[in-house]
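One-based numbering along the sequence shown.
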Amino acid sequence: MFSRIGTPCARFPHSVARNFSYSRTTNGPIVRRMTLTADRTATGQFWSDVDRHLVRYGAPFTPEIIERAAGSFVYTADGRQILDFTSGQMSAILGHSHPAIVQTVQRGIASLDHLFSGMLSRPVVDLARRLAGSLPSPLEKALLLTTGAESNEAAIRMAKLVTGRHEIVAFAQSWHGMTHAAAAATYSAGHQGYGPTPPGNFAIPAPNPYRPDFTTPDGALDWQRQLDYGFALVDAQSSGSLAACIVEPILSSGGVIEPPPGYFAALAAKCRERGMLLIVDEAQTGLCRTGTWYAFQRDGIVPDILTLSKTLGAGLPLAAVVTSEEIERTAHERGYLFYTTHVSDPLVAAVGNTVLDVLEAEQMDVRARDLGEFLRAGLLEIRGRHHVVGDVRGRGLMQGVELVVDRETRQRSDALGARITRRCLELGLHMNVVQLPGMGGTFRIAPPLTATREELALGLEILDQAIGEATAAT
């Protein structure tokens, strides 16, 4: 099923490719002028500078110097090509350096890049209108920002002001960002050592069908009982000031956990009963990645506030908060303040419009469904060959592969995930695994929506080989 074909540098073996770099204008190889000794010296200086001057902010840095990126691949300083199965930071849904995005940036940077935050431009208003047109009523008011954490911060701040309350509920394996309120609602990592979070933050169990905590008589996840239990705990701890619940349709950093059908409708009802707003964070799932324009559409719900980021800018820093006219009006009347340096920036708004152009013209929702089926079928074949693959899950071009030491006990192994990740990289595949303690056993696979079947087949072949070699060595 898997064949390594269609790769941009297939005509050059790695031993030869290391002697070339690539022209940014012609995309062809050019002979390096640097000697091998000088090249090694420069590489050593690079990593010395990394050690001396960079603040480390999470997992170890990937041990490669990246020179450029194009389509589904990134290219290293020594001439290697690496298939990017993560769309950068789960963002570049149109691949790297998409021609339409490049053209928009070149045009925009020369004419309208950044403005005083109180000024408006046509790209900003156009993008707000078009986002509203892609969403169900009553979502029609947009605030354009830069990152996912910032959009979640703005959404939580809005929910608190509109409801006059301050308590926030989130999943126990959530990730909503590293800023103040977003970090307080993030439970998959990052809480220890930073002092107390704002009062009134509660976690409810994440509905994980592969690892059910509440079960039916046949052993399946009893998500309704789990949800009831979670909110019973919230009610017991609440001071009567529940403002909002913030959730990801698919918990990405938490392990690509997809709540079962019916769960979010029941969750929305819990929120309505308590006068809470429902915030849906579609940083990674929004804009066609899961096979529909928005992942929440599967569940027949409409959030009170929607946050977008990553995919909206296709790799550039663009995010949005979208809500109803009623919520926006109430927030405004109460003095809503979220004034930032890059709010309503025209250049990235123009990029957002281009992203929507490409998604619409090329029917990327349909493409994501079709390619997602192909990718999932390949991952299931890999599961059938390797006992360490415990589960394959996800939707569209957002798939998760959970590794286990034993399928019966479902015991996780961060070390196994790290070994396979390293081998994949050596073979030319970048896999996204959250390399934090307790989170290193699930691969997040999210190729660009522009990826070809041949590129997906190449990634599947490398993953298959890496798992086999990493497990044979133990």
Side-chain angles (χ1 to χ4, degrees), residues 91 93-94 98 100-162 177 179 181-182 277 279-283 286-287 293-294 303-361:
S91 303
I93 56 169
L94 302 182
H98 189 282
I101 302 294
V102 171
Q103 185 179 39
T104 297
V105 172
Q106 289 174 335
R107 183 174 60 247
I109 202 69
S111 59
L112 192 57
D113 53 358
H114 165 73
L115 295 171
F116 169 70
S117 295
M119 291 181 174
L120 291 176
S121 60
R122 293 189 185 279
V124 167
V125 178
D126 288 345
L127 182 55
R129 184 192 69 251
R130 294 180 67 185
L131 284 175
S134 73
L135 287 161
S137 179
L139 297 173
E140 58 182 351
K141 290 272 202 168
L143 171 66
L144 301 184
L145 298 164
T146 56
T147 71
E150 191 180 37
S151 62
N152 288 329
E153 197 80 24
I156 291 170
R157 190 174 177 86
M158 181 180 289
K160 289 180 177 181
L161 186 65
V162 168
T179 55
L277 300 184
I279 303 170
V280 174
D281 175 359
E282 293 234 22
L287 300 176
W293 270 76
Y294 301 97
D304 297 294
I305 304 175
L306 173 70
T307 62
L308 302 169
S309 54
K310 296 182 183 290
T311 57
L312 182 58
L316 275 77
L318 176 63
V321 177
V322 190
T323 191
S324 67
E325 186 277 335
E326 179 183 6
I327 290 174
E328 189 277 338
R329 173 169 38 82
T330 302
H332 176 68
E333 290 170 352
R334 296 183 181 180
Y336 182 66
L337 180 64
F338 205 87
Y339 205 87
T340 76
T341 301
H342 294 287
V343 64
S344 296
D345 257 2
L347 176 60
V348 287
V351 168
N353 281 302
T354 299
V355 171
L356 296 186
D357 287 341
V358 176
L359 294 177
E360 292 169 357

Could you give the side-chain donor-acceptor pairs of residues 308-315 under 3.5 Å, partners two or more places apart or in another chain?
| from | atom 1 | to | atom 2 | distance (Å) |
| --- | --- | --- | --- | --- |
| Lys310 | NZ | Gln89 | O | 3.2 |
| Thr311 | OG1 | Gly286 | O | 3.1 |

Worksheet entry | Within-4.5 Å side-chain heavy-atom neighbours: Ile101 and Leu316 | yes
Worksheet entry | Glu325 atom CD, over 12 foreign heavy atoms within 6.0 Å | yes
Discussion item. Can you confirm whether Ile93 sits close enough to Leu359 that some side-chain heavy atom of one is under 4.5 Å from a side-chain heavy atom of the other?
Written reply: yes
Practice prompt. Looking only at non-hydrogen atoms, find the nearest pair between Ala154 and Leu143 and report the distance.
Written response: CB-CD2, 4.1 Å
Practice prompt. Kindly determine whether Ser121 and Leu115 satisfy side-chain contact (heavy atoms from CB on, under 4.5 Å), including the steps that lead there.
Written response: CA-CA 9 Å; Ser121 60; Leu115 295 171; 4.2 Å; yes
Discussion item. If the condition is salt bridge (charged side-chain N to carboxylate O under 4.0 Å, His left out), which residues does Arg130 pass it with, not counting sequence neighbours?
Written reply: Asp357, Glu360
Only pairs under 3.5 Å count here: list side-chain donor-acceptor contacts from residues 135-142, not counting sequence neighbours, and write none if there are none.
none

Practice prompt. Mind listing the closest non-hydrogen atom pair of Arg157 and Phe338 along with its distance?
Written response: CD-CD1, 3.7 Å
Practice prompt. List the atom of Tyr294, the atom of Ser134, and the distance in Å for their closest heavy-atom pair.
Written response: OH-OG, 2.6 Å
Review item, side-chain donor-acceptor pairs of residues 102-109, under 3.5 Å, at least two apart:
| from | atom 1 | to | atom 2 | distance (Å) |
| --- | --- | --- | --- | --- |
| Thr104 | OG1 | Ala100 | O | 3.0 |
| Thr104 | OG1 | Thr354 | OG1 | 2.6 |

Worksheet item: If every non-hydrogen atom of Pro303 is compared with every non-hydrogen atom of Val280, which pair is closest and at what distance?
Response: CB-CG2, 3.5 Å
Worksheet entry | Where Ser151 and Leu145 come nearest, the two heavy atoms and their spacing | CA-CD1, 4.0 Å
Discussion item. Using modelled atom types and a 3.5 Å cut-off, is there a donor and acceptor pairing between side-chain atoms of Arg334 and backbone atoms of Met158?
Written reply: no
Worksheet, complete the sentence: Closest non-hydrogen atoms of Ala182 and Asn152, given as atom of the first, atom of the second and distance, are CB-CB, 4.3 Å
Worksheet item: Going by the ring-ring contact (aromatic ring centres under 6.0 Å, His included) test, which pairs reach into residues 308-334, not counting sequence neighbours?
Response: none
Discussion item. Could you check whether Asp126 and Asn353, counting side-chain N and O atoms only, form a donor-acceptor pair closer than 3.5 Å?
Written reply: no
Worksheet item: Quick one: are Thr323 and Val162 in side-chain contact, heavy atoms under 4.5 Å?
Response: no
Worksheet item: Within a strict 4.5 Å, meaning less than it, do heavy atoms of the Thr340 and Thr146 side chains meet?
Response: no
Worksheet item: Does atom CZ of Arg122 have more than 12 heavy-atom neighbours from other groups under 6.0 Å away?
Response: no
Worksheet item: Among all residues two or more places apart in sequence or in another chain, which pass the side chain to side chain contact (heavy atoms under 4.5 Å, CB included) test with His114?
Response: Thr341, His342, Asp345
